[in-house]
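Both counts, for ligands and for their atoms, begin at 1 and track the order of listing.
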Amino acid sequence: MKLEDVGSDKIKNWVNECAEFLMPDSIEVIDGSDSQKQLLINTLKEQGDLYDVDEKFSPNSYWTRSDPNDVARVEGRTFICSKSESDAGATNNWADPKEMKEKMTSLMTASMKGRKMYVIPYIMGPISSPYSKCGVQVTDSAYVALNMLIMTRAGSDALNRIKKEGDFVECVHSVGVLDKEERYICHFPEENLIMSFNSGYGGNALLGKKCFALRIASYLGKKEGWMAEHMLILGITNPEGEKKYICAAFPSACGKTNLAMLVPPKSYLEKGWKVETVGDDIAWLHFGEDGQLYAINPENGYFGVAPGTSSDTNPNMVSALKKGNCIFTNTAYNKESKMPWWDKMDGEKPSKLTSWLGNEWTPGSEEKPDHPNSRFTCPASQCPTIDPNWENSNGVPISAIIFGGRRAKSAPLVYEAFNWEHGTFVGATMASEMTAAAAGVVGKIRRDPMAMKPFIGYNVGDYLQHWLDIGKKEGAKLPKIFHVNWFRTDDNGKFMWPGFGENIRVLEWITKRIVGKVDSVDGVLGKMPIIQDINTKNLSVDENLIANLQEVKTSAWKDDIDSQEHFFKEIGDKLPDVMWREFKALRARLGI
Ligand code: GTP
Ligand code: SPV
Ligand code: MN
């Protein structure tokens with residue numbers, strides 16, 4: 001579609017302003033038609049950037065690689081440009097909005113020379129939901145445009161909504177020359193503006209996802225009384241046919257996609273347990289008129305971690321991928337069979353591959369064939385367990401919120417917060433071992449409040465206050481809050497809990513707690529399950545497993561308490577007093 005034909009002066013003027021300094025050779029508006037999508041695919045193929053995937057494995061799917069220096073989010077290069085530095089807070093890099101805009105404009109000047117600029121109108125959320133919000137992204141990457149068509153509702157529907165509402169988040173993106181030193185991902189929350197330069201991968205470049213749906217949206221949520229969270233959304237139905245919806249916040253690459261698509265083990269399926277998927281990464285939560293929190297999934301696709309995805313761990317994801325229309329990025333690729341390959345994928349490991357670096361790979365090669373943060377983009381509707389309400393305009397009512405992370409030694413398998421304020425503290429003191437989803441040291445423990453450390457678009461202290469305020473809303477029927485840990489290890493470093501489908505055993509306890517069907521015991525960290533209430537039937541594990549997983553060792557908490565205190569001090573004046581009160585209470589209960 002031509003820019004002249006968009007029928008919105010607001011979009012036209014803004015795009016022209018962008019074009020003035022980006023200086024593209026031509027401009028094309030994404031309408032989402034099949035023919036246009038095919039042109040994007042052809043463009044990338046002609047450039048040698050996109051390869052066919054075997055039709056029998058996944059029709060209409062492609063394999064590609066990103067630049068080796070551009071494989072994950074770059075938190076060190078990500079900025080919140082609020083007028084006041086204190087509005088960015090301790091967890092964000094801050095830059096003055098005026099200075100940063102000037103810098104970005106100057107850096108990006110003429111960056112689209114010789115290239116086409118794609119204009120992508122898109123909606124985050126179901127097309128006609130009152131809770132959805134619109135964006136327009138300009139980009140010089142056909143790869144980004146193709147991915148945005150999967151991850152968001154992009155094209156004519158979005159354009160029509162923007163024409164009606166007039167409002168959109170301005171998203172300026174150019175891959176530039178992928179210069180790592182001059183890579184910037186900048187957010188201007190007070191201006192509904194995002195500018196991203198010199199990256200073409202994932203959360204740095206698909207600006208609807210982390211930049212808009214979390215950083216900008218969390219700021220809007222604070223202002224408007226709702227919440228944007230790094231949470232999956234699932235529906236769980238018990239054998240009596242009672243269904244509950246649950247959100248869960250785990251840091252990047254800590255199991256959200258897997259939990260959202262959980263397949264119950266045979267013994268649970270036979271009894272009639274069912275898990276359905278609403279979203280796997282982001283939830284926008286609003287109060288309904290009945291005082292409950294309702295969640296929508298703002299996304300339209302999955303940008304999932306490939307390594308570890310198999311029929312054993314996540315058969316629903318595998319089925320969704322096999323339906324086609326996917327893009328595999330930075331996995332390995334078998335040029336002969338046209339098959340992507342990643343660690344723990346189903347089937348035999350081929351003896352010859354093209355690695356994610358583009359090199360010939362054989363079993364003797366030093367490099368790994370796939371990148372640990374290699375991912376696929378896949379339409380959400382293709383998930384076999386997609387929930388019938390996943391596009392419900394009002395969202396789904398949430399009965400529980402779960403926090404969790406990778407904790408080798410300290411956190412038990414599951415516990416429940418005493419109440420909303422304590423639950424907010426449990427979320428605020430989350431920590432996890434870092435993964436390959438972001439540039440940094442993999443395995444290093446870091447504090448990650450509500451799995452939102454890299455995604456809160458404002459001051460973390462104000463964010464925690466917002467959580468407390470949500471809890472004080474008159475007439476609120478709040479979800480119960482829980483904490484889980486699938487990643488506790490034994491003395492040999494092996495995961496103690498089988499995880500994946502077996503996680504339903506923990507969800508079962510949680511759903512029973514929601515309706516008060518089981519009791520709990522007050523413990524040091526929160527309300528603990530009675531060991532026998534976690535069902536281990538048909539699970540071939542040590543009979544003391546649950547007791548061992550639930551054990552809270554004071555010695556393992558000493559460092560954590562110190563690090564919590566350190567983190568709270570870093571947050572500074574804006575940390576709500578309630579957090580210090582909860583911290584002192586926890587320390588007293590631990591006796592350290
Ligand atoms: P992002 O997309 O980065 O936000 O990640 P995510 O939170 O959706 O994580 P995902 O479900 O993709 O899982 C990341 C990695 O953790 C994969 O390699 C999974 O196989 C592994 N994983 C997920 N769930 C479990 C579990 O219950 N136990 C164990 N041991 N590993 C798990
Ligand atoms: C994450 O890192 O949490 C992701 C991938 O979901 S990205 O889109 O790169 O943020
Ligand atoms: Mn994520």
Side-chain angles (χ1 to χ4, degrees), residues 66 70-75 78 144 147-148 150-152 185 196 199-215 229-234 248-263 277 279-283 299 301-318 329-330 342-345 370-378 402-408 413 432-440 442 448 451-455 484-489 493-507:
S66 68
D70 185 31
V71 293
R73 284 183 292 99
V74 280
E75 296 174 9
T78 300
V144 165
N147 277 281
M148 286 292 284
I150 299 173
M151 294 305 298
T152 72
I185 322 295
S196 161
S199 168
Y201 191 58
N204 299 332
L206 310 177
L207 302 187
K209 199 171 172 60
K210 296 297 163 54
C211 298
F212 178 168
L214 287 180
R215 296 195 190 96
E229 298 295 335
H230 193 197
M231 291 176 178
L232 67 93
I233 312 162
L234 63 79
F250 307 155
S252 302
C254 291
K256 289 183 299 302
T257 302
N258 277 270
L259 190 66
M261 295 179 194
L262 182 151
V263 176
T277 312
D280 82 321
D281 199 50
I282 300 179
E299 300 192 280
Y302 309 118
F303 183 56
V305 179
T309 305
S310 72
S311 297
D312 285 341
T313 56
N314 193 346
N316 282 319
M317 194 68 247
V318 173
T329 308
N330 293 341
W342 57 81
D343 191 29
K344 301 202 175 66
M345 185 184 183
D370 58 327
H371 188 276
N373 192 37
S374 56
R375 292 190 178 241
F376 45 74
T377 1
C378 175
I402 306 176
F403 294 122
R406 289 178 186 261
R407 301 307 306 266
L413 181 63
S432 192
E433 294 155 28
M434 283 189 72
T435 67
V442 172
D448 192 350
M452 281 287 280
K453 192 232 162 225
F455 309 121
V484 301
N485 178 23
W486 314 142
F487 298 95
R488 196 140 160 178
T489 55
K494 255 192 76 193
F495 291 127
M496 293 163 74
W497 177 245
F500 302 102
E502 307 296 351
N503 291 334
I504 194 155
R505 297 168 188 276
V506 174
L507 294 185

Do you know the tightest heavy-atom contact between [X] and [Y]?
X	Y	result
Ala451	Ala249	CB-C, 4.1 Å
Val144	Gly200	CG2-O, 4.1 Å
His230	Leu214	N-CD2, 3.8 Å

Distance under 4.0 Å to a non-hydrogen atom of [X]: what atoms of ligand 1 satisfy this?
X	answer
Trp486	26 (C), 27 (O)
Val305	12 (O)
Arg375	1 (P), 2 (O), 3 (O)
His230	4 (O)
Pro251	7 (O)
Asp281	4 (O)

Query raised in the report: When you measure from the centre of the six-membered ring of Phe250, is the NZ or CZ of Lys256 under 6.0 Å away and within 45° of the axis?
Result: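 Ring-cation test returns no.
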
Query - Metal-centred angle, OD1 of Asp281 through the Mn ion (ligand 3) to NZ of Lys210, rounded to 10 degrees - result: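 About 110°, to the nearest ten degrees.
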
Working to the nearest 0.5 Å, report the span between [atom1] of [X] and [atom2] of [Y].
X	Y	atom1	atom2	value
Ile282	Ile233	CD1	CD1	10.0 Å
Asp370	Arg375	CG	CZ	13.0 Å
Tyr302	Met261	OH	CE	4.0 Å
Lys210	Glu75	NZ	CD	9.5 Å
Leu262	Thr313	CG	OG1	11.0 Å
Lys344	Asn314	NZ	CG	14.5 Å

Could you list which atoms of ligand 2 come closer than 4.0 Å to a heavy atom of [X]?
X	answer
Phe303	5 (C), 8 (O), 9 (O)
Asp281	6 (O)
Lys209	6 (O), 8 (O)
Ala437	2 (O)
His230	3 (O)

Check whether any side-chain heavy atom of [X] sits under 4.5 Å from a side-chain heavy atom of [Y], and report yes or no.
X	Y	answer
Arg406	Thr435	yes
Trp486	Val506	yes
Leu206	Thr152	no

Query raised in the report: If you measure from atom 14 (C) of ligand 1 to every heavy atom of Ala451, Ala72, Gly203, Ala253, which option wins on shortest distance?
Result: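 Nearest option to atom 14 (C) of ligand 1, by heavy atoms: Ala253.
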
Query raised in the report: Looking only at non-hydrogen atoms, which of Phe495, Phe500, Tyr302 approaches atom 25 (C) of ligand 1 most closely?
Result: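 Checking each option, the heavy atom nearest atom 25 (C) of ligand 1 is found in Phe500.
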
Looking only at protein heavy atoms, which one is nearest to [atom], and how far off is it?
atom	value
atom 16 (O) of ligand 1	Arg406 NH2, 3.1 Å
atom 7 (S) of ligand 2	Gly203 N, 3.5 Å
atom 4 (O) of ligand 1	Lys256 NZ, 2.8 Å
atom 9 (O) of ligand 1	Gly255 N, 2.9 Å
atom 1 (C) of ligand 2	Lys210 NZ, 2.8 Å
atom 18 (O) of ligand 1	Pro307 O, 3.1 Å
atom 11 (O) of ligand 1	Asn258 ND2, 2.8 Å

Query raised in the report: Does Lys256 reach ligand 2, in the sense of a heavy atom lying below 4.0 Å from it?
Result: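 Heavy atoms of Lys256 never come under 4.0 Å of ligand 2.
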
Query - Flag for Asp448-Ser432: side-chain donor and acceptor within less than 3.5 Å - result: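 No pair is found: no donor N or O on one side chain lies under 3.5 Å from an acceptor on the other.
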
Requested in this report: Begin with the C-alpha distance, continue with both residues' side-chain angles, and end with the deciding distance and a verdict on side chain to side chain contact (heavy atoms under 4.5 Å, CB included) for Val71 and Asn373.
Outcome: CA-CA 7 Å; Val71 293; Asn373 192 37; 5.7 Å; no

Query raised in the report: Angle class for the Phe376/Trp342 ring planes (parallel below 30°, perpendicular above 60°, tilted otherwise)?
Result: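 Judged by the thresholds at 30° and 60°, the geometry between Phe376 and Trp342 is tilted.
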
Query raised in the report: So, is Ser252 polar-close to ligand 2, with some N/O to N/O distance under 3.5 Å?
Result: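 Yes, at least one N or O pair falls under 3.5 Å.
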
If we set the cut-off at 4.0 Å for heavy atoms, which region of [X] has an atom near ligand 1: side chain, backbone, both, or neither?
X	answer
Ser252	both
Thr313	neither
Phe487	side chain
Asn503	side chain

Report task. Give the C-alpha distance, both sets of side-chain angles, the deciding distance and a yes or no for side chain to side chain contact (heavy atoms under 4.5 Å, CB included) between Asn258 and Val305. Result -> CA-CA 10 Å; Asn258 277 270; Val305 179; over 6 Å; no

Query raised in the report: Between Phe250 and ligand 1, does any nitrogen or oxygen pair lie at a separation below 3.5 Å?
Result: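 Between Phe250 and ligand 1, no N or O pair is found under 3.5 Å apart.
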
Query raised in the report: Is Thr309 close to ligand 1, meaning an N/O of one under 3.5 Å from an N/O of the other?
Result: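 Not met; the criterion fails.
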
Requested in this report: Decide side chain to side chain contact (heavy atoms under 4.5 Å, CB included) for Asn204 and Arg73; before the verdict, give the C-alpha distance in whole Å, the side-chain angles of both, and the deciding distance to 0.1 Å.
Outcome: CA-CA 6 Å; Asn204 299 332; Arg73 284 183 292 99; 3.8 Å; yes

Query raised in the report: Do any heavy atoms of Gly304 fall under 4.0 Å from ligand 1?
Result: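 False for this residue.
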
Query raised in the report: Which bit of Leu206 gets closer than 4.0 Å to ligand 2, counting heavy atoms only: side chain, backbone, both or neither?
Result: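 None of Leu206 does.
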
